[in-house]
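This report concerns only the one structure given below.
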Amino acid sequence: MSTTAATSAEISHPSQLPAVDKVLLVAEMQPLREAYGLDACTTATRTVLTQLRQQLLGSADQPGQPVQANLTSIVQSTHRQLQARFAPRLQPVLNLTGTVLHTNLGRALLPQAAIDAVVQAMSSPANLEYDLQDGSRGDRDDLVESLICELTGAEAATVVNNNAAAVLLVLSTMALGKEVIVSRGELVEIGGAFRIPDVMTRAGAKLIEVGTTNRTHEKDYTGAIGEHTGALMKVHCSNYAITGFTKAVSDADVARIAHDHQLPMIVDLGSGTLIDMRDWGLPYEVTVRETVESGADIVTFSGDKLLGGPQAGIIVGKKELIAQIKKNPLKRALRVGKITLAALEPTLRLYLHPEKLAEELTTLRLFTRKADDMQAQAEYLLPLLQQALGQGFVVETAAMNSQIGSGALPVENLPSFGLKMYPASGKQAGRQLTQLEARFRALPRPVIGRLHDDAFWLDLRCLESAAQALFVDQLAQLAGNSSGPAPTENFI
Ligand SMILES: *Cc1c(COP(=O)(O)O)cnc(C)c1O
């Protein structure tokens, strides 16, 4: 290819393609070399040239074809390669699924106080394990332990990577080589392969199942206690409910049975809330404090579910047991970093001021948004969305139900409002809907809704005003993108 960068040429044989080195020296390449570095530019150029070569040579089932290319177009393709390679994989999205604590979308959004503290902790040394009073080595748990104890009524506390880690660490400390008695109605699997029986095995404990799926009695627990028993355990039925002819033994009764036999009682609370949610007009969920007061010796719960903080597993309970747990070598492997602690501390502190909690704690603010609010929002957005989608789709405002999510109150719904869309013509309606969903996902700030009942639903509960501005700003691109997401880039 003896062309200048500007003139285009038809290339019919790989030998006419320029060498990688030649492309790298083209003037238009220089800003890319500055931005991405020589190595990445070389790799990307090589990829582009290889694809052109393959196009020219063809394959077993596709004959080779000439291509239109010149140095400029090759640099442009290289640029697109580089942009794709350097684009962040973790992207912000708009969660309009109606599930506030959506595990796949990262669960709790942090309160501003936590965000500020995280930025600080990331950019400055901090007294993570350093006692500023006497200049000696400190313990990272000290940063939050007294706050957690104040908010839960527990004697002591420690923090690990997540609640799964908390359960693992607790069992491995308290029941290594021993038996742990759990009701068959509570052998929960949380999405993503957290299953109580499997965690139990990995922790080195032996699961003893008692009762039946729907009914477990006191005598089931007492009958299973023997010389190898290490603990009695209760697990919160986070993502399911057993209804109908049921019987479960209360936390207090299991604790009493355990203590009568000089055994500890463990509760995996899952979500774990620090407040009586009824005070905020929400459905009731047992609190960590109530669970501690019921006599549980150890309680574990998540930091990023109802608590509304960073991913973490919080372990609270009796002082001697927490001390043992902290001595377990696994604690070091499961401990949290400074960024987590930086986020957790101010999140917990918000709970000291309940009057402001629904304003400051992002998750609670979202849970407590009124359906009227979302309805007004839906009415405002309806004409804008209808205009963006054109005649092909019917857009309606609709009452819907949000969910708390992440294994909290699986059967309770929060009355909400939003928009629902369906194809104006029934022809290939299913395909039209999945394409519509894909168009929303392909936006610069991907919009995640849900397909349900032959329509695409956007629940507006998590669309607060800043997010709504983003949503509106990109509607024009939804209109421009009527054929679905851009097909994967085809070179030149
Ligand atoms: C969510 C949950 C877990 C896992 O907690 P992570 O913080 O996601 O690790 C464990 N047990 C129960 C009962 C849960 O609800």
Side-chain angles (χ1 to χ4, degrees), residues 1-93 388-390 392 423 427-428 430-448 451 456 474-492:
M1 191 165 78
S2 59
T3 55
T4 65
T7 43
S8 160
E10 182 171 287
I11 295 179
S12 54
H13 191 270
S15 64
Q16 294 167 280
L17 289 170
V20 172
D21 288 347
K22 184 167 179 192
V23 179
L24 290 172
L25 290 173
V26 175
E28 292 107 307
M29 196 71 189
Q30 303 323 301
L32 301 184
R33 285 177 61 165
E34 177 66 26
Y36 298 103
L38 180 59
D39 269 4
C41 288
T42 308
T43 308
T45 305
R46 200 165 276 144
T47 305
V48 169
L49 291 173
T50 302
Q51 294 192 358
L52 285 172
R53 197 169 297 120
Q54 281 164 355
Q55 227 169 311
L56 288 165
L57 292 175
S59 61
D61 38 37
Q62 187 154 9
Q65 288 174 347
V67 293
Q68 287 293 325
N70 59 21
L71 285 169
T72 299
S73 71
I74 290 171
V75 172
Q76 284 166 350
S77 296
T78 302
H79 192 184
R80 285 193 290 269
Q81 275 280 327
L82 288 162
Q83 281 175 324
R85 183 166 168 216
F86 281 80
R89 298 289 189 276
L90 185 65
Q91 291 181 61
V93 302
L389 288 179
K427 228 168 87 190
Q428 291 197 304
R431 225 185 71 173
Q432 290 194 64
L433 272 178
T434 50
Q435 280 178 352
L436 180 67
E437 188 209 18
R439 280 164 68 188
F440 275 96
R441 258 191 288 119
L443 288 168
R445 177 70 59 113
V447 172
I448 318 293
L451 290 173
F456 181 60
Q474 58 180 7
L475 280 179
Q477 294 182 58
L478 188 68
N481 185 15
S482 58
S483 55
T488 28
E489 189 64 35
N490 209 349
F491 287 97
I492 315 287

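The analysis underlying the following values was restricted to heavy atoms, covering all of them including side chains, and did not include hydrogens, waters or symmetry mates. Owing to the predicted nature of the structure, the values given are computational and were not obtained by experimental measurement.
Shown are L38, V26, L24, L82; of these, the side chain to side chain contact (heavy atoms under 4.5 Å, CB included) with L32 is made only by L82.
For P92, the side-chain contact (heavy atoms from CB on, under 4.5 Å) partners are R445, not counting sequence neighbours. Considering only residues two or more places apart in sequence or on other chains, L451 meets the side-chain contact (heavy atoms from CB on, under 4.5 Å) condition with L433, T434, E437, F456. Residues passing the side-chain hydrogen bond (donor to acceptor under 3.5 Å, both in side chains) test with T50: none are found, sequence neighbours excluded. Legend: residues meeting side-chain contact (heavy atoms from CB on, under 4.5 Å) with P66, ordered by chain and number and at least two apart, are E10, S12. P88 is linked by a side-chain contact (heavy atoms from CB on, under 4.5 Å) to nothing, counting only residues two or more places apart in sequence or in another chain.
Counting heavy atoms from C-beta outward, L478 and V447 have side chains that stay 4.5 Å or more apart. For the pair C41 and V23, the minimum side-chain heavy-atom distance is 4.5 Å or more. In this structure the side chain of H13 never reaches within 4.5 angstrom of the side chain of L56, judged on heavy atoms. Side-chain contact check for L436 versus Q432: every heavy-atom pair is 4.5 Å or farther apart. The side-chain heavy atoms of L71 and K22, taken from C-beta on, include a pair separated by under 4.5 Å. In this structure, the side chains of R33 and L25 come closer than 4.5 Å at one or more pairs of heavy atoms.
Atom-to-atom distance recorded for L389:CG and L475:CG is 8.0 Å, nearest 0.5 angstrom. To the nearest 0.5 Å, atom CD of residue Q91 and atom CZ of residue R89 are 9.5 Å apart. We find the CZ-CD1 distance between R53 and I11 to be 11.0 Å, quoted to the nearest 0.5 Å.
Applying the ring-ring contact (aromatic ring centres under 6.0 Å, His included) test to pairs two or more places apart or on separate chains, none has a residue in residues 50-71. Applying the ring-ring contact (aromatic ring centres under 6.0 Å, His included) rule to pairs touching residues 53-85 yields nothing, sequence neighbours excluded. Under the ring-ring contact (aromatic ring centres under 6.0 Å, His included) criterion, the residue pairs touching residues 24-64 are Y36-F86, with sequence neighbours excluded.
Using modelled atom types, one finds no donor on one side chain facing an acceptor on the other under 3.5 Å when comparing S73 with Q68.
Pairing each heavy atom of P18 with each of L49, the nearest pair is O-CD1, 3.6 Å. A pairwise comparison of heavy atoms in R439 and A388 identifies NH2-O, 4.5 Å as the closest pair.
Remark: the backbone N or O of Q474 is not paired with any side-chain donor or acceptor of Q477 at under 3.5 angstrom. The closest donor-acceptor contact from the side chain of Q81 to the backbone of T45 lies at 3.5 Å or more, if one exists at all.
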Tabulate below the donor-acceptor pairs under 3.5 Å that side-chain atoms of residues 58-65 make, not counting sequence neighbours, or state none.
from	atom 1	to	atom 2	distance (Å)
S59	OG	D61	OD1	3.2
S59	OG	Q62	N	3.4

